[in-house]
Amino acid sequence: MKLNVNGAMHEVDAPADMPLLWALRDLLNLTGTKFGCGMAQCGACTIHLDGAPVRSCVTPVSAAEGKAVTTIEAIATSELGQRIQAAWVAEDVPQCGYCQSGQIMSAVALLKEHPQPTDANIDTAMDGNLCRCGTYNRIRRAIHRAAGN
Amino acid sequence: MSQDLAAASPSRRSFLKTAALATGSALVVSFSLPQRAFGAGAATPTHGGTLSAFIRIAADGIVTLTLGKVEMGQGAHTGLAQLLAEELEAPWAALNVEHSPALPAYAGPGFPMMITGGSTSIAACFIPLRTAAAAAREMLVAEAASRWNVPVSECAAEQGVVKHGSSQRKLSYGELAAAAGQRPVPAKPTLKSRSEWRYIGQAMPRVDSAAKSRGETRYGIDVRRPGQRYAQLARPPRGGRLTAANFAAARAVPGVTDVFEIPQGIAVVASNTWAAKQGRDALQPKVLIEQDAGFSTVALAKHYSELAKQPGQVARAEGDLAKAAATATQRVEVDYAFPYLAHAPMEPLNCTAMVTPEGVQLWLGTQGQTFDQMAAARVAGIRPDQVSIETCMLGGGFGRRASVAGDNVAPAVEIAKRLPGVPVQLVWTREDDLTDGFYRPQAHHRVVVQLGADGFPLSWQHTVVAQPLAKGTLLERAMMNPQTGIEVTLTEGIDNLPYAVPVVHVQVHQTTAKVPVQWWRSVGSTHTAFALECCIDECAHAAKQDPVAYRLALLKDSPKEKRALEMVAAKAGWGKPLPKGHAQGVAVASSFGSTVAQVAEVSLVNGQPRVHRVVAVMDCGTVINPHLVEQQVQSAIAYGLSAALREEITFAADQVEQTNFHAYQPLRLNEMPVVEVHLVESTEPPTGVGEPGTPPIGPAVANALRALTGEAVRQLPFTRRSWG
């Protein structure tokens with residue numbers, strides 16, 4: 001099947017039920033999207049499907065056909081993505097960094113919907129993304145910084 | 001990891017020598033240290049010629065620091081880069097930090113293994129790394145002085161350039177490096193004085209933030225080699241084995257290339273991870289449980305609580321318990337029960353292995369390259385030095401990636417051995433990680449304290465029941481107190497009780513439950529500090545005294561703990577009015593050479609504790625990077641709070657009941673308290689940073705919960721029951 005990933009069309013030889021996560025990581029070598037749980041509990045695999053955040057570990061590749069898939073590798077092509085990545089660096093958010101691709105994808109989606117998010121907006125948008133290093137205080141600060149709050 | 005494995009004495013003069021590595025245009029300086037033998041009483045062999053780290057300066061001025069200490073989020077690479085750049089007078093922007101290969105040269109410093117743990121990276125490298133960098137700086141200066149034919153004393157290094165004072169001539173490090181590398185290494189390079197430091201003590205930005213924020217960092221799980229295949233392992237249940245499986249069904253899954261048995265289970269190899277997983281599911285193996293039938297943690301907890309009432313091995317016995325009891329006016333008698341805990345790093349364990357006629361090549365994130373080499377060598381029937389490791393960035397460690405048993409590497413090499421020349425990546429699913437792990441031990445503490453008429457303890461009688469971590473491993477002797485035969489992790493924090501109590505008796509039951517156990521961030525202090533700090537709070541309560549004032553009175557001989565406690569009380573506004581329904585709890589604990597005091601502000605939401613704010617004071621000696629210390633204290637609090645609130649690994653009918661993050665539930669962003677971190681100003685040598693923030697959070701919250709509800713917390717995690 002054909003997948004539109006980060007603005008380019010790719011021919012992917014995958015069964016329809018293969019989670020998009022593994023198609024990205026193992027077939028297209030886009031390893032910025034991470035595996036953490038396989039059941040939409042941790043958010044490490046968050047990507048955008050037509051701009052909306054989804055957990056790619058439970059999204060069959062067939063559901064991405066005909067839609068625009070955006071991963072961390074291309075998030076800086078938008079001004080908002082750049083702004084959020086810059087805020088992440090300015091606040092030195094990452095520790096081990098493994099969950100941060102997913103955190104950033106969720107944060108971009110949040111700021112698209114709420115350009116000036118409240119703490120409550122942040123709680124709701126980000127509580128699906130686990131971080132075992134406990135970078136949560138800085139994630140919150142970075143989102144506020146990116147929003148110019 | 002135990003403090004016993006911590007740094008060699010930082011005051012020990014490092015022995016510098018140039019490596020014969022000055023290839024091309026690079027100046028390479030390395031340091032080696034006399035190694036300390038494992039095991040008590042063993043002689044200390046000399047460490048002739050083995051190197052511990054390398055500094056490389058290329059012609060373009062780029063300074064590459066090749067580190068044996070790994071970066072798993074704790075910020076070691078940034079902190080170590082600061083030490084190097086400081087003495088080298090290197091421009092921050094010119095630094096490049098990389099993981100070293102697994103060679104004896106990169107062991108230690110202080111012991112003959114490559115291990116990152118025990119909160120030791122900065123403390124252990126503080127003197128050796130700066131000394132190596134100062135030597136490199138002096139060689140660059142000597143080279144410049146020689147070219148100009150002027151005395152060295154007229155030249156100075158500054159930010160990547162050597163300058164001659166009166167003539168204003170300059171040469172860059174890049175121009176000097178190749179020739180400087182051929183010069184003799186100064187035996188006693190001069191370190192900068194504290195007042196000259198430009199990087200140490202500064203909040204330098206992390207060297208790894210940008211790549212990690214762009215998704216560019218390559219973790220072990222991201223390794224992609226030409227011809228690579230992907231494996232999943234059907235693991236037998238605990239205490240049992242797989243008796244039959246549908247190999248044909250697994251082979252029929254498109255993409256599956258190989259299905260075979262290895263000692264650890266049945267391997268399914270495929271062209272991608274999903275196919276391997278589908279193949280594994282198709283196996284539908286039959287299982288036979290043969291060992292320890294019916295093992296449950298509920299029964300184990302009952303057994304432990306009974307054991308705690310029996311005499312155990314004596315760790316410490318000072319003073320007369322009976323005499324204390326005879327004069328006591330109150331008795332505090334408490335039990336604390338702790339569950340097994342999983343580390344659950346966000347990057348599931350994985351290892352990519354390739355077996356060739358030359359040896360074994362591994363790619364993975366690891367805290368223990370030496371253990372991994374040994375495990376791979378055992379499987380492949382070769383020597384450990386024939387195992388090469390490319391250490392990748394670690395997606396969290398917390399102790400799990402320092403596996404003495406090499407339980408991640410061994411099955412990967414078993415699989416790769418069957419497919420010579422093919423790189424095979426074995427990825428653990430989260431279910432594998434949680435149900436087939438090595439855990440923080442389940443534990444039980446029983447404490448009996450006799451209080452005198454003034455309300456202060458006359459005696460402290462403490463019994464610990466838990467599995468030792470290193471029993472049966474090559475670290476068993478190194479981690480055992482040779483006088484008592486008790487593993488040091490079981491009593492750390494208790495046998496050095498900071499409170500002034502005249503009679504102290506500590507006993508230990510080292511149990512043999514058949515559950516694999518391993519160090520978990522802050523190790524023994526994960527439970528010892530909880531028992532101590534909750535029990536002392538209960539004593540204060542029984543004595544009708546303020547918990548901070550009560551502790552301070554008992555800390556008269558423990559100035560570090562006293563200072564941290566006084567500071568945290570002041571910063572947190574201890575005793576000042578709080579919002580209705582809120583209460584504060586306090587705890588102080590020392591581990592890995594550092595002291596941390598915390599005050600937690602807690603309320604109840606729907607019968608469960610909600611932690612609003614934590615004020616923490618950290619005394620870790622000289623602070624290399626205040627910003628990284630703050631990060632680590634925040635991180636340690638999140639990790640410890642996750643465990644205190646909700647985490648537990650339980651077994652029923654032999655099997656782990658928590659299979660993924662829906663059941664093993666770390667803290668989420670919306671539950672993270674505001675954390676304020678204050679650092680004690682100190683000129684003492686640096687001590688641990690990564691772990692010491694973890695022990696106090698559980699008891700601080702528990703003590704707040706007791707203040708709030710009047711009910712003491714005796715069992716973890718807290719959310720096993722409802723409150724208020």
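In the text below, chain A, chain B and the rest are named by the order of the sequence lines, each starting its count at 1.
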So which of A:G134, A:C96, A:G32 has the largest heavy-atom pair count under 4.5 angstrom toward chain B? A:C96
When you compare the side chains of A:Q41 and B:Q665, does any donor N or O come within less than 3.5 Å of an acceptor on the partner? no
Quick one: what part of B:I221 sits under 4.5 Å from any heavy atom of chain A, side chain, backbone, both or neither? both
At a heavy-atom separation under 4.5 Å, does B:D433 approach chain A through its side chain, its backbone, both, or neither? neither
Could you tell me whether the side chain of B:W274 reaches within less than 4.5 Å of the side chain of A:D17, counting heavy atoms only? yes
Measure A:I122 against the heavy atoms of chain B and call it side chain, backbone, both or neither at under 4.5 Å. both
Is a side-chain donor or acceptor of B:N660 paired with a backbone partner of A:C37 at a separation under 3.5 angstrom? yes
Step through the shown structure and confirm whether more than 12 heavy atoms of other residues, nucleotides or ligands are within 6.0 Å of CD on A:E65. yes
In terms of heavy-atom contacts, A:S101 and B:G215 come closest through OG-CA, 3.6 Å
Any side-chain heavy atom of A:Q100 sitting closer than 4.5 Å to one from B:T217? no
Separation between CH2 of A:W22 and CG of B:N272, rounded to the nearest 0.5 Å: 9.0 Å
Less than 4.5 Å apart, side chain to side chain, heavy atoms only: is that true for A:Q95 and B:K212? no
Report the option among A:D119, A:I139, A:N137, A:T33 that has the most heavy-atom pairs separated by less than 4.5 Å from atoms of chain B. A:N137
Looking only at heavy atoms and a cut-off of under 4.5 Å, which of B:H627, B:R218, B:K277 has the most pairs with chain A? B:H627
Select one option (side chain, backbone, both, neither) describing which atoms of B:P666 are under 4.5 Å from chain A's heavy atoms. both
Is the shortest heavy-atom distance from the side chain of B:L669 to the side chain of A:N129 under 4.5 Å? no
Roughly how far, to the nearest 0.5 Å, is OH of A:Y136 from CG of B:N670? 8.5 Å
Shortest non-hydrogen contact from A:F35 to B:P348? O-CD, 3.4 Å
Say whether, by atom type as modelled, one donor and one acceptor occur between the side chain of A:Q85 and the main chain of B:S213 under 3.5 angstrom. yes
Decide salt bridge (Lys or Arg N to Asp or Glu O under 4.0 Å) for B:D222 and A:K34; before the verdict, give the C-alpha distance in whole Å, the side-chain angles of both, and the deciding distance to 0.1 Å. CA-CA 9 Å; B:D222 301 327; A:K34 302 304 187 197; 2.4 Å; yes
Only pairs of heavy atoms separated by less than 4.5 Å count here; which of A:T135, A:D123, A:I84, A:T71 has the most with chain B? A:D123
Would you mind telling me which of B:R521, B:E347, B:M346 makes a side-chain contact (heavy atoms from CB on, under 4.5 Å) with A:R132? B:M346
If you count heavy-atom pairs under 4.5 Å between each of A:A90, A:C99, A:P19, A:G38 and chain B, which one has the most? A:P19
Can you tell me how far the OH atom of B:Y230 sits from the CG atom of A:D26, to the nearest 0.5 Å? 4.5 Å
Between B:P345, B:G75, B:A638, B:S635, which has the largest tally of heavy atom pairs under 4.5 Å with chain A? B:S635
CG of A:D92 to CG of B:L628: how many Å apart, nearest 0.5 Å? 7.5 Å
For B:R206, which atoms come within 4.5 Å of any heavy atom of chain A: side chain, backbone, both, or neither? both
Does any part of the side chain of B:F398, heavy atoms only, come nearer than 4.5 Å to the side chain of A:C133, both counted from C-beta? yes
Just by distance, do the side chain of B:R430 and the backbone of A:G36 share a donor-acceptor pair under 3.5 Å? yes
More than 12 heavy atoms of other residues, nucleotides or ligands under 6.0 Å from NZ of A:K112: is that the case? yes
Residue part contacting chain B, namely of A:I104, when any heavy atom lies under 4.5 Å: side chain
d(B:R668 CZ, A:M126 CE) to nearest 0.5 Å is 11.5 Å
Residue selection (most heavy-atom pairs with chain A, distance under 4.5 Å) from B:M672, B:Q278, B:Q631, B:H343: B:Q631
Where does B:V674 contact chain A at under 4.5 Å (heavy atoms): side chain, backbone, both or neither? backbone
What part of B:E671 is in contact with chain A, defined as an atom under 4.5 angstrom from a non-hydrogen atom: side chain, backbone, both or neither? neither
Chain B shares the most heavy-atom pairs under 4.5 Å, among A:D127, A:V93, A:I72, A:V89, with A:D127
Does any backbone or side-chain atom of B:A344 lie under 4.5 Å from a heavy atom of chain A? Answer side chain, backbone, both or neither. both
With a 4.5 angstrom heavy-atom cut-off, which part of B:S642 approaches chain A: side chain, backbone, both or neither? side chain
Counting N and O atoms only, with roles assigned by atom type, does the side chain of B:R224 sit under 3.5 Å from a partner on the main chain of A:L30, one being a donor and the other an acceptor? no
